[in-house]
Amino acid sequence: MRLTGDLDTKSALKETLPTVFGYIGIALAFGITARANGLSVLEIFLMSLITYAGSAEFVIVSLLALHAGIGSIVMSVFLVNARMILMSTVVAPYLSHESMAKNIWAGTLLTDETFALSMNKLNYTSHKLNFRWLDTANLFAYTVWGVASAVGGMLGNLINNPERYGFSFALVAMFIGLLYLQMISDRTIKLMIQFIVVLFVAVLMFLGMKWLPQNGLLLIVTLLGCGFGVVLKHGTK
Amino acid sequence: MALSSYVLFVILGSGLVTWLSRVVPFILLKQFKLPKVVVNFLGFVPICIMTALWMESLFNQHLGQFPSLNVPNALASIPTLISAMISKNLLIIVIVGVLSLAVVNLLV
């Protein structure tokens with residue numbers, strides 16, 4: 001399965017399939033973990049449908065287990081998900097020709113993976129994106145995430161220690177794959193510059209983990225990495 | 001099925017802040033165009049975010065000290081990266097990744 005230049009429903013479904021496969025593993029693991037921490041299947045299902053925030057949902061479950069205050073949980077979720085502001089800002093210009101309602105809807109269901117997938121897709125569509133392709137990818141991912149977390153919740157008491165089966169690595173594998181595919185297919189930035197920026201971000205993340213909590217750090221390092229990239233891009237012209 | 005008001009408020013509050021983070025840029029950028037330099041800047045967001053997320057899973061944080069290596073994730077990353085280079089196919093990469101960690105967990 002490689003990305004194509006088509007922006008129709010069928011290619012969106014095909015191209016989102018790996019993401020969805022990864023989501024099944026993570027969402028099952030999430031449902032099982034949440035159940036083990038005392039959440040009901042209904043609560044798990046609602047969290048996946050309303051909060052819909054992948055890794056932040058794991059954070060919520062761990063904070064709920066500690067009986068943390070509502071305000072502090074919401075604040076943590078905001079920090080974990082603040083990267084969504086950046087991702088939406090990157091995708092939004094490609095949909096500005098669509099109606100406001102479609103823009104809001106596309107933003108509502110955007111995730112790390114559908115974001116990265118659409119960035120990869122741009123490299124095959126002469127930098128065009130449409131509502132239909134993104135919406136299909138988003139809806140497919142959303143549905144699978146919701147259903148699989150509920151199923152994980154139902155399986156809850158049957159399986160303990162879900163980490164053992166390696167599912168939790170599906171997300172990491174997706175990050176690795178999407179990073180590599182983006183680097184080799186993006187022709188707007190030289191490969192060497194991308195490589196240096198990746199190293200820069202990796203080193204800053206490593207060093208920064210000593211002083212700053214990961215969620216805030218991720219955002220700061222991403223912004224520094226982008227700034228460094230712009231400087232390199234202009235300096236080497 | 002139980003639904004406590006505490007959990008419900010957490011779900012709604014977290015949902016609201018997440019939704020705003022996702023949607024506000026779409027609303028603003030429907031009306032305004034970004035300057036070229038900002039577009040260039042944002043062009044680096046995908047690789048920076050993916051690298052940072054990967055690093056988070058490669059290391060365990062201990063504030064005040066340098067992070068320690070998450071050995072199972074680091075080992076599983078190697079075949080995953082190689083499969084990316086060979087296949088260039090996301091589905092294969094995800095499958096190789098999951099199998100790699102499962103094997104590492106059996107051995108380590």
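When all heavy atoms are compared, the tightest approach of B:Tyr6 to A:Ala68 is OH-O, 2.6 Å. The minimum heavy-atom distance between A:Thr222 and B:Ala52, with the atom names listed, is OG1-CB, 4.3 Å. Contact record, A:Leu95 with B:Phe26: CD1-CE2, 4.0 Å, taken as the closest heavy-atom pair. Closest of all the heavy-atom pairs between B:Pro46 and A:Gln182 is CB-CG, 4.2 Å. The minimum heavy-atom distance linking B:Trp19 with A:Ile104 is given by the pair CZ2-CG2, 4.1 Å. Shortest non-hydrogen contact noted between A:Phe78 and B:Ser21 is CE1-OG, 3.7 Å.
With a 4.5 Å cut-off on non-hydrogen atoms, A:Ile184 touches chain B through its side chain but not through its backbone. At a 4.5 Å heavy-atom cutoff, the contact between A:Glu98 and chain B is made by backbone atoms alone. In this structure, no portion of A:Leu199 lies under 4.5 Å from any heavy atom of chain B. Both the backbone and the side chain of A:Val198 come within contact range of chain B, each with at least one heavy atom under 4.5 Å from a heavy atom of that chain. Looking at A:Leu181, the atoms closer than 4.5 Å to chain B (heavy atoms on both sides) all sit in the side chain, from C-beta outward.
Contact of the A:Phe175 side chain with the B:Glu56 side chain is not registered, since no non-hydrogen atoms from C-beta on lie closer than 4.5 Å. A:Lys233 places a side-chain heavy atom less than 4.5 Å from the side chain of B:Phe44. At a threshold of 4.5 Å between non-hydrogen side-chain atoms, the residues A:Val201 and B:Met55 do not count as touching. Between B:Phe9 and A:Val74 there is no side-chain heavy-atom pair separated by less than 4.5 Å. Within the 4.5 Å cutoff, no side-chain heavy atoms of B:Leu29 are placed close to those of A:Ser96. Taking the side chain as every heavy atom from C-beta outward, A:Asp186 and B:Ile47 never approach each other to under 4.5 Å. Taking the side chain as every heavy atom from C-beta outward, B:Thr80 and A:Val172 never approach each other to under 4.5 Å. No side-chain heavy atom of B:Val45 sits less than 4.5 Å from a side-chain heavy atom of A:Met119.
When B:Gly13, B:Gly64, B:Gly43, B:Pro72 are compared by the number of non-hydrogen pairs under 4.5 Å with chain A, B:Gly64 comes out ahead. Highest contact tally toward chain B, considering only A:Ile85, A:Asn120, A:Leu86, is held by A:Ile85 [criterion: heavy-atom pairs under 4.5 Å].
Exactly one residue among B:Val94, B:Ile93, B:Leu53 makes a side chain to side chain contact (heavy atoms under 4.5 Å, CB included) with A:Met174. That residue is B:Val94.
Residue A:Met47 holds its CE atom at 10.5 Å from CG of B:Leu8, rounded to the nearest 0.5 Å. Atom CG in B:Asn40 sits 8.0 Å away from atom CD1 in A:Ile189 (nearest 0.5 Å). Within the model, atoms OG of A:Ser88 and CD1 of B:Ile27 stand 10.0 Å from one another, a figure rounded to the nearest 0.5 Å. B:Phe41 CZ to A:Phe228 CZ: the interatomic distance, rounded to the nearest 0.5 Å, is 13.0 Å. Between atom CG of residue B:Leu91 and atom CD of residue A:Glu15 there is a gap of 12.5 Å, rounded to the nearest 0.5 Å. Note that CD of A:Gln194 is 10.0 Å distant from SG of B:Cys48, once rounded to the nearest 0.5 Å.
Between the side chain of B:Gln61 and the backbone N or O of A:Leu212 there is at least one donor-acceptor pair closer than 3.5 Å. Side chain of B:Lys30 to main chain of A:Ala92: no donor-acceptor pair is present (N/O by atom type, distance under 3.5 Å, no hydrogens or angles). A distance-only check finds a donor-acceptor pair linking the side chain of A:Thr51 to the backbone of B:Ile11 [under 3.5 Å].
Using a 30° and 60° split on the angle between ring planes, B:Phe59 and A:Phe206 fall in the perpendicular class, above 60°.
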